[in-house]
Amino acid sequence: MRDPQMTGYAPHPVEGVTPEDVTLVDTRSVSCDGGKGALGHPLIWMRIEHHEVTCPYCSRTYRLKDGAGDDGHH
């Protein structure tokens, strides 16, 4: 699922379409490979700009834990 501007991210989950698969993380830089080994997708890295980011391949959402993400050095 991609957003209309084709940025590669789906920042707004669509109810009934986007799976409710949320992973809480401690850092703004996250990687995703679909989590299914050979059945997954290519490994990609994403940056959480606000509070969450959604993988353009599998629609898994990565959300910052409360108080996390103060890694502004990158």
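Keep in mind the model is a prediction, meaning the values are calculated, not measured. The first residue of the sequence shown is numbered 1, and numbering continues consecutively from there.
A donor atom on one side chain and an acceptor atom on the other are not found under 3.5 Å apart for Thr54 and Ser59.
Of the inter-residue distances, the one linking Lys65 atom NZ with Leu24 atom CG reads 6.5 Å to the nearest 0.5 angstrom. Taking OG of Ser29 as the start and OH of Tyr62 as the end, the distance is 11.5 Å to the nearest 0.5 Å. Here Arg28 contributes atom CZ and His51 contributes atom NE2; the two are 8.0 Å apart, rounded to the nearest 0.5 Å.
Counting all heavy atoms, side chain and backbone alike, Cys55 lies closest to His41 at SG-NE2, 3.5 Å. When every heavy atom of Met46 is checked against every heavy atom of Pro56, the shortest pair comes out as SD-CD, 4.0 Å.
The side-chain heavy atoms of Val25 and Leu64, taken from C-beta on, include a pair separated by under 4.5 Å. Residues Thr23 and Cys32 are not in side-chain contact: their nearest non-hydrogen atoms beyond the backbone lie 4.5 Å or more apart.
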